[in-house]
Amino acid sequence: MKILVTGGAGYIGSHMCAELLRTGHEVVVVDNFSNGTQGALDGVKKITGVEFPFYRADVCDSPTVEEIMEAQKVECVIHFAGLKAVGESVAKPLEYYENNLNSTMAVCRAMRNQGVSRLIFSSSAATYRSDNPMPLTESSALGATNPYGWTKIMCEQILRDFCVGEPEFSVVLLRYFNAVGAHESGLIGDCPAGIPNNLMPFISQTAHGLHKELKIFGNDYDTPDGTCIRDYIHITDLIDGHVRAIDFSAKNKGCEVFNLGTGRGFSVLEMVDAFEKTNGIKLPYSIAPRRPGDIATIYANPEKAQKMLGFTAKKSLEDMCRDTWKFQSNM
Ligand code: UDP
C-alpha cells in the first residue's frame, strides 16, 4: 500500500517510514523541516535501502497536499506533522493553533477531494484533564493545561465531525503517552532542535556531555520517591500501534480513539537509575523547582488498544534506555 506520511522527517514519522518500508509498503513523505531533518530521511534510506519520494512542503498548504496526493495516488495518510513543544505553545499560542488546526484541515480537505479515506492522526495524552483518576482511559475527561494540548483536542473534534459528514471515512486518533527510545540500528532517534524539553533526550545529551547536569523538576510530589511518574513507551511499540491502526482503518469506518501507552509508570529518578545501570554511565543531576504545569502521575489504561487492535507494548525500560543511548552516542 502507498501511504502519505506528513512529518515523516521527524522523530516518530521517520520510525514509521522505516517500518512501513521494511514491511513492503511504499511511503511518500511531506515535511517542511521545521522539526524534521534530512538526516532522519537519510537514516531511513540507510536502514531500509529503499528510495522514496520526499516533498519539502508545508502541510497547511492544502492545494500542494492535494497535488501530492493526486500525483502519488496514496491510499492512506498518517498525519504526524505539527508543532509539539508544550512550553513553546504557551509562549506562541497563535502559531500552535494556526499550524496544528490548519494542517489537519488541509489534510482532510485534500483527502476528501482526492477520495483518500483512511487517516491515522497523532494525538496526545496532553488532551486529558489534569484531575482525572489514573489510569487514563479513552473516556477520561478531556481538557488541556496548555495550547498544544488544546490543539490536539480541537483537531480530534474536527476529525470526529468530519467523519460524521463523510461516512466513508475512517480516522484513527492515537493518544501517545511518552514516546522514548530509538531504532535498534541507532541511525534514527529523537533529535530535538535546541535544548530538549523532554526528559529522555535531555538525559542522553547530558550523558554525552552536551549539558552539565540534568535538572529534576521537583522531588516533593505525592509519589513514592517524590518525582513525577510518566508512562514511557518505546518508539518501536508506538509504531506497532500505528501499524495496527492502519489495519483497523481498512476494516472500520468512522472515528475511533486509542491510548498508546504501556499501562506502567516510572518516576524521573527511576528513569535516571535505569539509564545509568543499563548503559554503565553516571549521570550528573540535581533537584530543581517544579516545572509549571507538571502533574504528579500520568499513565495509560491500554486495554482498549489491547482488545480492539491486539496491541501490547513489549519493550522493557532497559530497551528504552539502551536504544536512546545507542542513537545519542552515534551522533
Ligand atoms: N523532567 C525533568 N527534567 C527535564 C525534563 C523533564 O525532571 O529536564 C521531568 C518532567 O518534570 C516530567 C518528566 O520528566 O515529570 C517527563 O517530562 P517530559 O517533558 O519528557 O514529558 P511530559 O511532562 O510532557 O509528560
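Basis for what follows: all heavy atoms, side chains included, without hydrogens, waters or symmetry-related copies. For reference, positions follow the sequence shown, starting with 1. Order of listing sets the numbers, starting from 1, for every ligand and every atom in it.
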Practice problem: Take Tyr285 and His211 through the test ring-ring contact (aromatic ring centres under 6.0 Å, His included) and record every step on the way to the result. | Solution: CA-CA 10 Å; Tyr285 70 83; His211 311 289; over 10 Å; no

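The distance between the ring centers of Phe258 and Phe248 falls below 6.0 angstrom. Centroid-to-centroid, the aromatic rings of Phe169 and Phe162 come within less than 6.0 Å.
A donor-acceptor contact under 3.5 angstrom links the side chains of His234 and Asp323, judged on distance only. At a cut-off of 3.5 Å, with distance as the only test, a side-chain donor of Thr6 or His79 sits close to an acceptor on the other residue.
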Enumerate, one pair per line, all nitrogen or oxygen atoms of ligand 1 lying under 3.5 Å from a protein nitrogen or oxygen, stating the separation to 0.1 Å; write 'none' if no such pair exists.
residue, atom, partner, partner atom, Å
ligand 1, 3 (N), Lys215, O, 2.7
ligand 1, 7 (O), Lys215, O, 3.4
ligand 1, 7 (O), Phe217, N, 2.9
ligand 1, 11 (O), Asp294, OD2, 2.5
ligand 1, 17 (O), Arg291, NH2, 3.4
ligand 1, 19 (O), Asn198, ND2, 3.2
ligand 1, 19 (O), Arg291, NH1, 3.3
ligand 1, 19 (O), Arg291, NH2, 2.9
ligand 1, 20 (O), Asn198, ND2, 3.3
ligand 1, 20 (O), Leu199, N, 2.8
ligand 1, 21 (O), Asn178, ND2, 3.0
ligand 1, 23 (O), Arg230, NE, 3.4
ligand 1, 23 (O), Arg291, NH2, 3.0
ligand 1, 25 (O), Asn178, ND2, 2.9
ligand 1, 25 (O), Arg230, NE, 2.9

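Between the side chain of Asn100 and the backbone N or O of Leu83 there is at least one donor-acceptor pair closer than 3.5 Å.
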